[in-house]
There are 2 protein chains.
Amino acid sequence: MTKELSSAAKLRDALEEEIVTGQILPGARLDEVSLAERFGVSRTPVREALHQLASAGLVEIQPRRGATVTELHADTLVEMFDVMAELEAMAVGLAARRHTEADKKAIVSAHAECKRAAKSGDVDRYYYANEAFHDALYAASHHAFLITQCRQLHRRLKAYRRLQLRVRHRVSASLAEHQSIIDAILAFDQAQAAACARRHIVVQGERFGDLIASLKSLAAAE
Amino acid sequence: MTKELSSAAKLRDALEEEIVTGQILPGARLDEVSLAERFGVSRTPVREALHQLASAGLVEIQPRRGATVTELHADTLVEMFDVMAELEAMAVGLAARRHTEADKKAIVSAHAECKRAAKSGDVDRYYYANEAFHDALYAASHHAFLITQCRQLHRRLKAYRRLQLRVRHRVSASLAEHQSIIDAILAFDQAQAAACARRHIVVQGERFGDLIASLKSLAAAE
DNA sequence: GTCAATAATATTGTATACAAGAAGCCATGG
DNA sequence: CCATGGCTTCTTGTATACAATATTATTGAC
């Protein structure tokens, strides 16, 4: 059932996963023949996969000079968090107005899993639970196009979001923010829900900025 | 200087233009060999172009079944206008805070051209002037990532935006909305600017919905 | 010893050839 | 007369070959 994908599509997904999770580092060169050999295919599907990733912004292709994994500067990333905040605020605001009983259940249970994950102290588990929670929020907006936009950007920020979760006390703060979002949604308070969601993401951007700053000062001290 | 593009890239741009302007109709089949013949190249660059357009959402590719121009249902389009409204509100709000003297000049002069175009009664001329105006607004936000997102979505809505301009009195209304946006920006009033921009786009979505509805009732009456 | 120019190499961009799957068509059976 | 099965044909997906450009190394001159 899931084996109907073309090798180009499989390649694209595999590469995307490796880039998004940081297995392939930003700035790394993506050589067509090496990739072709690694995946046991010819250069043709490799090229297709690379071009598709380029359209998604994950890799950059310079004519006649090959592809590299996109390097996101700290300020670009912060900007991406800005836009993510706005989109998510919109989604959550809509969710406050439009959510069904099923949506409510999904959100609450995703949040419960987040709590369990937080208590367990397993950051990765929290990461996945968090992802499911946000997905439930998007779904409750019942706004198909917005959902795709949110998912796309969310995915691009995946690796960095994960990083930012390692900041001290971030997980418990995140959890509290989730709670306030849920409260606003269940009260059908659109404005409040949107505001909470926006703050939730903006905070992530800020923490991420802090992280970058501290890394920079560390590097400078060496 | 501009001739450094690969044939695949040229093809992609040409096809994008034809789709966006409606020369190729939604739902139309895009046959690889026909396109290859038409542009005098082999299938390889055609495939690359199609896949890139697919990532951008302009065409849909079904495995082993070829590519067609994406058909956007009325409700999807309205949703896209929703998101556009939110992004543009964000950009204009930022522009109110961040605009420079140069930005101010660019915006005002773009608006002046809009006025002249409106007075001339040339809808196409107004369309292009309008595009330049919005671009000037985006630029004034000084938010690189937001600008790319706005441009991308704006481009996808291009054909439909044009359609909606034909609605009676829409051009003069649009012009008035522009004026209110400018006023808010020049007053450095972020909230007001964002609200005006949001309304400006939401109205477009609504007018577009009206248009669709009237087309539907026309079709039903036949 | 360093810089520059040219040649050698490697890598991308395009074309063509081949393989595999999907759509249409005709024939045959009910 | 309609439906179903197999066959033909067309189209897409992949591989390989070739062409063009960028990179690198080597050699020569200053």
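The structure presented is a predicted model; accordingly, all values stated were derived computationally and were not measured. Residue numbers begin at 1 in each chain, while the letters A, B, ... track the order of the sequences.
- A:Arg97 pairs by the side chain to side chain donor-acceptor pair (under 3.5 Å) definition with A:Gln190, not counting sequence neighbours.
- By the side chain to side chain donor-acceptor pair (under 3.5 Å) test, B:Asp31 pairs with B:Ser34, sequence neighbours left out.
- Residue pairs that meet the salt bridge (charged side-chain N to carboxylate O under 4.0 Å, His left out) test with at least one member in residues 56-68 of chain B, sequence neighbours left out, do not exist here.
- A search for side chain to side chain contact (heavy atoms under 4.5 Å, CB included) contacts involving A:Leu30 returns A:Ile24, A:Leu35, A:Leu50, A:Val59, A:Ala67, A:Val69, not counting sequence neighbours.
- Atom pair B:Leu11:CG and C:dG13:P shows a separation of 15 Å (rounding to whole Å applied).
- A:Arg207 and A:Asp210 are joined by a salt bridge, as a carboxylate oxygen and a charged side-chain nitrogen come within less than 4.0 angstrom of each other.
- Once you apply a 4.0 Å limit to the heavy atoms of chain B, the touched nucleotides of DNA chain D run 5' to 3' over D:dT11 to D:dT14.
- Contacts between residues 51-62 of chain A and DNA chain C, counted as heavy-atom distances below 4.0 Å, involve no residue at all.
- Contacts of A:Thr70 classified as side chain to side chain donor-acceptor pair (under 3.5 Å), with partners at least two apart in sequence or in another chain: none.
- Under the salt bridge (Lys or Arg N to Asp or Glu O under 4.0 Å) criterion, B:Arg43 pairs with B:Glu32, sequence neighbours left out.
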Check the interface with nucleotides 7-11 of chain C: list each N/O to N/O pair with the protein under 3.5 Å, or write none.
none

Enumerate, atom names and distances included, each donor-acceptor pair closer than 3.5 Å involving a side-chain atom of residues 136-145 of chain A, sequence neighbours excluded.
residue: A:Tyr138; atom: OH; partner: A:Glu88; partner atom: OE1; Å: 2.8
residue: A:Tyr138; atom: OH; partner: A:His154; partner atom: ND1; Å: 3.0
residue: A:Ser141; atom: OG; partner: A:Tyr138; partner atom: O; Å: 2.6
residue: A:Ser141; atom: OG; partner: A:His143; partner atom: N; Å: 3.3
residue: A:His142; atom: NE2; partner: A:Asp103; partner atom: OD2; Å: 2.6
residue: A:His143; atom: ND1; partner: A:Leu146; partner atom: N; Å: 3.2
residue: A:His143; atom: NE2; partner: B:Asp82; partner atom: OD2; Å: 3.0

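- With sequence neighbours left out, the side chain to side chain contact (heavy atoms under 4.5 Å, CB included) criterion links B:Asp75 to B:His73.
- Between A:Ala8 and A:Arg43, the one whose closest nucleotide on DNA chain D sits nearer the 5' end is A:Ala8.
- Residue pairs that meet the salt bridge (charged side-chain N to carboxylate O under 4.0 Å, His left out) test with at least one member in residues 149-161 of chain A, sequence neighbours left out, are A:Glu16-A:Arg155, A:Glu17-A:Arg155, A:Asp135-A:Arg151.
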